[in-house]
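Along the sequence shown, residues carry numbers from 1.
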Amino acid sequence: MNARTPLTSDITHYIGGARSAGTSARAQDVTNPATGAVTGRVHLANAADVDAAVAAAQAAFPDWADTPPIRRARVMFKFLELVNLHKDDLARAITAEHGKVFTDAQGEVSRGIDIIEFACGIPQLLKGDFTDQVSTGMDNWTIRQPLGVVAGITPFNFPVMVPMWMFPVAIAAGNTFVLKPSPIDPTPSLLIADLLKQAGLPDGVFNVVQGDKEAVDALLVHPDVKAISFVGSTPIANYIYETGAHHGKRVQALGGAKNHMVVMPDADLDQAVDALIGSAYGSAGERCMAISVAVLVGDVAEKIMPKLIERTKTLKVLDGMNLAAEMGPIVTRAAHERISGYIDAGVMQGADLLVDGRRFDAKQTGEGCENGFWMGGTLFDNVTPSMRIYKEEIFGPVLSCVRVADFSEAVKLINDHEFGNGTSCFTRDGNVAREFARRIQVGMVGINVPIPVPMAWQGFGGWKKSLFGDMHAYGEEGVRFYTKQKSIMQRWPESIGKGAEFVMPTAK
């Protein structure tokens, strides 16, 4: 299938086991970023559509929660098998609507598969604790039970992986799920729904409402939605957290980032350049773990800048279905304009613009792509902490280089930033690596690893304004987020002494 072939012209909701157009008359275009062409129309839910999805999930919850965990795991195993069979179909859908290169889209699906594999172990993950004889004739144990209907609100940049951070664990734990994906690339959500149904998931356990802020707000205030998971920008994450918590929901809201990579004088410079180019410009910089700031320590800048300039200028920016592509288009015209505005601001505030991605010639990207949302890699040097391009999340292929005198200044620079999502340090010095990992105030740290996204059993989440809530996504913290602990104490009549007790019970 060619990336420019429309996958569907009418992108609907998925409610109670079937596709549904809903009751709202609102819709918006879905485009292929490589060509700028409209490939479909996605329905935008109103409150009544959200009510229908939540009602379907609520109706399915009692039976699904009572289903033994091993049987829920078997559904996940079948789903895992189907996703593996159709992973290239999912990747093509990502490339067609998001624009990232096909190999990157395949990688996204693979990382989602990791979480499904983790969720297949739910019988072990739900095991509680037991203590015999906590007091004479009395035992105490804990169990973890599902919350009910839970919802996920997910971003455009990972339309398969980020939903899979959420729903496999939530569903395996016994909850029912309502997904609100981005309307920019909504098709993968329906492909996922179809595969779950084929895997034997009962109708109503997984639902999709396409939409925008109207659908989000309806989920945030709905009394039957017990928990909300969100990934997106910091202002929206803050809004999701405050609004959801105000309405009594458990909330996990992952926000924005400004990820730094420190290059120490002893680092392997060729490896550091490879890491910076791949992590800054992969997926056009449209990922919350992208490296957007290179922190060059000591005399590193003079040695590394010529290499960075050359590599940035020679990036292979092509149609994402071209397997030679290293970077695809920007996701939308509006995003292209926003990123261009940041480049303007960097120049106006005095940063040295060494490579200007706005001058990229779209004609070299592939046949029929002249009207796509194309941009090359942009490279700034001598960026300072007071500049907008340093302080704010650009979410595009823009790498800012900051020069610092020593390791301590590098650590302080990162710790002073309001975001604390991911960071990296390239060095050969074990003590520097250890000190960096311990002292840095960031949730995910890489040592000679540019994009330190934790594996499925570890959990994903930043610090400071990169995370609102107490628990990280997926991993064991994900299981805790989607379940509630119940403590049970038990004894039998034969062990109960006579007479009322008026003091606090104690172990006897």
Supply the atom-to-atom distance H260 NE2 to H417 NE2, rounded to the nearest 0.5 angstrom.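 Going from NE2 on H260 over to NE2 on H417, the span is 5.5 Å.
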
Distance check, rounded to the nearest 0.5 Å: Y342 atom OH versus E393 atom CD?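 One gets 8.5 Å once the value is rounded to the nearest 0.5 Å.
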
Set of ring pair (Phe, Tyr, Trp, His ring centres under 6.0 Å) partners for [X], sequence neighbours left out:
X    : value
F373 : none
F481 : none
Y239 : none

Identified side chain to side chain contact (heavy atoms under 4.5 Å, CB included) partner of V160 from the options L90, V83, D185: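 Testing each of L90, V83, D185 against V160, the sole residue satisfying side chain to side chain contact (heavy atoms under 4.5 Å, CB included) is L90.
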
Please check: side-chain N/O of [X] versus main-chain N/O of [Y], any donor-acceptor pairing under 3.5 Å?
X    : Y    : answer
T378 : G357 : yes
N175 : Y482 : yes
T31  : A37  : no
R428 : M264 : no
N421 : C288 : yes

As a quick check of understanding, evaluate side chain to side chain contact (heavy atoms under 4.5 Å, CB included) for C369 and W374, giving each step before the final call. CA-CA 9 Å; C369 294; W374 295 98; 3.8 Å; yes

Side chains of P186 and V208: does their closest heavy-atom pair fall under 4.5 Å?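 No, side chains not in contact.
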
Any side-chain heavy atom of I122 sitting closer than 4.5 Å to one from L125?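 Yes; the side chains approach each other to less than 4.5 Å.
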
Assess the side chains of [X] and [Y]: does a donor N or O sit below 3.5 Å from an acceptor N or O?
X    : Y    : value
E97  : N32  : no
E326 : Y281 : no
T427 : D266 : yes

Determine the minimum heavy-atom distance between [X] and [Y], stating which atoms define it.
X    : Y    : result
M455 : D114 : CE-OD2, 3.5 Å
R480 : M471 : C-SD, 3.8 Å
V50  : A45  : CG2-CB, 4.4 Å
V262 : F436 : CG2-CE1, 3.9 Å
P188 : A93  : CG-CB, 4.0 Å
F419 : K391 : CE1-O, 4.1 Å

Under the side chain to side chain contact (heavy atoms under 4.5 Å, CB included) rule, what do T365 and F360 come out as? Steps first, then yes or no, please. CA-CA 10 Å; T365 58; F360 180 77; 3.4 Å; yes

For this output row, return yes or no: ring centroids of W165 and Y474 closer than 6.0 angstrom.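 Yes - the distance between ring centres of W165 and Y474 falls below the 6.0 Å cut-off.
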
In sequence, state the C-alpha distance, the side-chain angles, and the governing distance for I184 and T332, and then conclude on side chain to side chain contact (heavy atoms under 4.5 Å, CB included). CA-CA 8 Å; I184 292 172; T332 63; 4.0 Å; yes

R287, K100, K87, H98 screened by side-chain hydrogen bond (donor to acceptor under 3.5 Å, both in side chains) with E108, the one that passes: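 Output: one option passes, namely K100.
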
